[in-house]
Amino acid sequence: MKRNIFRLYILFVSCSLVLLTSCNKDDAPGGDPEEPQGVGLPLISINTNGAVIVDEPKVNAKITVIEEDVVSYEGDIAIEFRGASSQALFPKKSYGFETRDSNNEDLDVPLLGFPEEEDWILNGPYSDKTLLRNVLIYDLSREMNMYASRTKLVELNVNDSYRGVYVFMEKLKRDSQRIAIEKLNESENSGEDLTGGYILKIDKVSGSNLGSGYNSQNSFNSSYTPPSGSSDKQIRFLYEYPKAEEITTAQKSYISTYISDFENALASDDFTDPTIGYAAYIDVNSFIDFFILNELSNNVDGFRLSTFMHKDKNGKLKMGPIWDFNLAFGNAGYCSGGVTNVWAYKFNERCSDDFWLIPFWWERLLEDPEFVNQLKIRWTSLRANTLSENGIYDIIDTYTNQLSSIDALDRNFQAWDILGEWIWPNNFVGNTYAEETAYFKNFIRGRLNWLDSNINAL
């Protein structure tokens with residue numbers, strides 16, 4: 001009953017607004033699928049009350065979340081488009097939104113069973129026609145006890161326009177339930193307090209970046225030229241937490257010096273020494289798991305974009321959480337992103353002219369026999385359970401069976417009629433969803449077999 005009343009309300013509002021707004025109709029799907037019926041994926045409906053969603057700033061809207069035919073949440077939000085390349089290239093947009101209270105202040109809420117927060121993401125897989133690449137790798141990361149954004153498949157309506165299957169997910173945030181590091185206040189500029197927590201990332205500049213491009217306000221540079229890169233190539237570390245507009249001069253100096261000291265130790269003749277070498281600065285296990293996840297998926301953006309790292313108070317630098325694998329698992333038809341028999345960390349050798357290259361860290365770490373030994377032990381252990389072929393297939397099958405059984409796939413690809421069509425940067429184009437998932441699985445099988453041989457041969 002509540003759902004039917006809500007539908008009538010949305011229909012009334014949509015018809016009333018048709019004379020006032022385009023409702024972002026330029027980005028609306030091409031098909032006219034039936035609205036989800038019965039118990040299935042959660043249904044999220046967003047009503048902007050006539051405002052057009054843009055990249056920035058966020059616009060005010062209302063959200064309704066329906067789970068198993070029951071309204072589980074209604075409230076105010078502020079919403080915008082998100083994504084760098086995807087926003088420019090794909091008509092199926094991704095969204096970032098904040099839950100708000102009646103006074104338009106940020107409001108922490110536990111949406112769809114996730115720990116409470118106010119920052120959320122609706123990721124719209126488009127070139128990834130399995131819809132599952134991010135979902136799978138994040139599941140695997142959490143099974144390896146390495147935090148990754150929690151995800152849930154949902155269906156989305158925006159201003160009564162059906163937008164397809166989306167991945168509802170957490171934004172990466174400093175939080176006891178997410179990136180669990182200490183809060184760092186602007187007043188903490190000396191002693192033990194200054195040591196954390198921090199979040200950095202290697203990535204493109206997007207959103208509010210305090211000036212044009214990379215600059216001293218939003219980032220700092222590595223002193224080391226990336227392998228195979230020309231002398232003008234640089235690795236840049238963006239301030240993620242504290243935010244660039246909030247981090248103090250003392251805090252910038254501390255974390256940039258810490259990274260510099262780590263890189264100097266890694267580049268030194270004594271880099272394998274456990275006391276004065278690189279291991280004094282990093283959590284080695286987190287680096288190994290990060291390496292495995294990016295290599296498992298042959299992530300063409302791995303190690304060089306959407307690469308997060310964090311450091312807690314009095315702690316060492318840790319890699320992660322992982323982020324943005326839409327182009328992984330053979331989905332990129334450039335720089336060998338679609339093959340199973342290359343090292344992802346050697347991207348620079350294949351595409352040295354790319355603007356974003358991989359730091360020297362990974363090549364150097366693999367020169368240390370102890371790091372390689374620990375990598376082999378971890379890989380062998382994971383292959384026996386979490387990263388077994390059947391275990392990974394079971395995760396994929398669970399999601400695809402769910403999507404198929406409730407006709408969500410049909411609705412999504414009726415709205416976005418792209419099966420059989422090349423979408424940048426597809427390496428493979430399947431005519432059906434079954435062909436897309438078969439390619440996905442075959443890539444994983446080939447990749448696992450190649451890594452079994454090549455990690456053992458390191």
Side-chain angles (χ1 to χ4, degrees), residues 85-86 89 125-137 140-141 226-229 288-307 322-359 361-363 365-366 372 375-376 379 382-383 387-390 392-393 395-396 418-458:
S85 300
S86 62
L89 293 172
Y126 192 70
S127 69
D128 172 17
K129 297 164 196 168
T130 71
L131 312 175
L132 298 176
R133 282 174 166 84
N134 274 328
V135 175
L136 172 65
I137 200 72
L140 294 175
S141 181
S228 303
I288 288 173
D289 282 359
F290 188 87
F291 179 86
I292 286 173
L293 289 167
N294 278 280
E295 289 296 343
L296 167 68
S297 59
N298 189 16
N299 183 11
V300 74
D301 286 345
F303 311 110
R304 68 189 189 95
L305 292 169
S306 300
T307 294
I322 59 168
W323 190 247
D324 195 2
F325 281 61
N326 278 332
L327 304 187
F329 293 107
N331 196 31
Y334 63 91
C335 295
S336 299
V339 302
T340 60
N341 60 349
V342 297
W343 289 108
Y345 82 89
K346 291 187 176 181
F347 173 93
N348 297 7
E349 295 180 5
R350 299 185 291 274
C351 292
S352 59
D353 290 336
D354 199 289
F355 185 83
W356 293 278
L357 295 178
I358 295 174
W361 301 359
W362 307 98
E363 288 191 9
L365 288 169
L366 290 171
V372 171
L375 170 61
K376 290 178 178 180
W379 177 254
L382 290 169
R383 287 289 279 124
L387 298 186
S388 69
E389 183 177 305
N390 287 337
I392 295 174
Y393 284 5
I395 295 173
I396 295 171
I418 56 174
L419 290 175
E421 178 183 343
W422 183 84
I423 305 294
W424 182 91
N426 289 163
N427 181 67
F428 169 82
V429 177
N431 290 315
T432 65
Y433 184 77
E435 290 181 9
E436 289 286 347
T437 54
Y439 171 77
F440 188 27
K441 286 183 173 182
N442 288 335
F443 181 91
I444 290 169
R445 178 187 294 115
R447 190 64 178 160
L448 289 171
N449 291 336
W450 189 85
L451 287 172
D452 283 339
S453 298
N454 284 269
I455 287 179
N456 185 61
L458 287 172

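Computed from a prediction, not measured in an experiment: that's the story for all the values here.
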**Asked** With side chains defined as the heavy atoms from C-beta onward, is the minimum distance between Trp362 and Phe290 less than 4.5 Å?
**Response** yes

**Asked** Residues in salt bridge (charged side-chain N to carboxylate O under 4.0 Å, His left out) with Arg133, at least two apart?
**Response** Asp128

**Asked** So, do Leu357 and Arg304 sit near enough that their side-chain heavy atoms are less than 4.5 Å apart?
**Response** no

**Item:** Flag, side chain of Thr437 to backbone of Ala434, donor-acceptor distance under 3.5 Å
**Value:** yes

**Asked** Minimum heavy-atom separation for Val339 to Phe443, with atom names?
**Response** O-CE1, 3.4 Å

**Asked** Rounded to the nearest 0.5 Å, how far does OG of Ser336 lie from CG of Asn427?
**Response** 9.5 Å

**Asked** Nearest heavy-atom pair of Pro227 and Pro359: which atoms, and what distance?
**Response** CD-C, 3.9 Å

**Prompt:** Quick one: side chain to side chain donor-acceptor pair (under 3.5 Å) partners of Tyr393, sequence neighbours excluded?
**Reply:** Arg445

**Prompt:** Is Glu295 reaching over with its side chain to a backbone N or O of Trp343, donor-acceptor style, under 3.5 angstrom?
**Reply:** no

Side chains of residues 322-331: which donor-acceptor partners sit under 3.5 Å, not counting sequence neighbours?
from, atom 1, to, atom 2, distance (Å)
Asn326, OD1, Asn134, ND2, 3.1
Asn331, OD1, Asn426, ND2, 3.1
Asn331, ND2, Asn326, O, 2.9

**Item:** Side chain Asn456, main chain Asp452, donor-acceptor under 3.5 Å
**Value:** no

**Asked** Do Leu140 and Leu382 touch side chain to side chain, with heavy atoms closer than 4.5 Å?
**Response** no

**Item:** Matching residue for Tyr345 among Trp361, Phe291, Phe303 - test: ring pair (Phe, Tyr, Trp, His ring centres under 6.0 Å)
**Value:** Phe291

**Asked** Any idea which heavy atoms bring Asn348 and Pro226 closest together, and the distance?
**Response** ND2-CB, 3.8 Å

**Asked** Measuring from Ile137:CD1 to Leu132:CG, what's the distance to the nearest 0.5 Å?
**Response** 12.5 Å

**Asked** Do Ser306 and Asp301 have side-chain heavy atoms sitting under 4.5 Å apart?
**Response** no

**Asked** Nearest heavy-atom pair of Thr130 and Glu436: which atoms, and what distance?
**Response** CG2-O, 3.8 Å

**Complete:** Looking only at heavy atoms, the pair that brings Ser352 and Ser228 closest together is CB-O, 3.2 Å

**Message:** Taking the side chain as everything from C-beta on, heavy atoms only, tell me whether Leu448 gets closer than 4.5 Å to Thr340.
**Reply:** no

**Asked** Would you call Asn294 and Thr307 a side-chain contact if the rule is heavy atoms closer than 4.5 Å?
**Response** no

**Asked** Measuring from Leu451:CG to Ile444:CD1, what's the distance to the nearest 0.5 Å?
**Response** 12.0 Å

**Complete:** Ala332 and Val300 have their tightest heavy-atom pair at CB-CG1, 3.7 Å

**Prompt:** Yes or no on side chain to side chain contact (heavy atoms under 4.5 Å, CB included) for Leu375 and Leu365, after CA distance, side-chain angles and deciding distance?
**Reply:** CA-CA 10 Å; Leu375 170 61; Leu365 288 169; over 6 Å; no

**Asked** How many angstroms lie between atom CD of Glu435 and atom NZ of Lys129, to the nearest 0.5 angstrom?
**Response** 11.0 Å

**Request:** Check whether any side-chain heavy atom of Trp379 lies under 4.5 Å from a side-chain heavy atom of Lys376, and answer yes or no.
**Result:** no

**Fill in**
Here the gap from Phe440 atom CZ to Ile396 atom CD1, rounded to the nearest 0.5 Å, amounts to 4.5 Å

**Request:** Kindly indicate, with the supporting measurements, whether the criterion side chain to side chain contact (heavy atoms under 4.5 Å, CB included) is fulfilled by Glu421 and Val429.
**Result:** CA-CA 6 Å; Glu421 178 183 343; Val429 177; 5.6 Å; no

**Asked** To the nearest 0.5 Å, what is the distance between OG (Ser297) and CG (Leu136)?
**Response** 9.0 Å

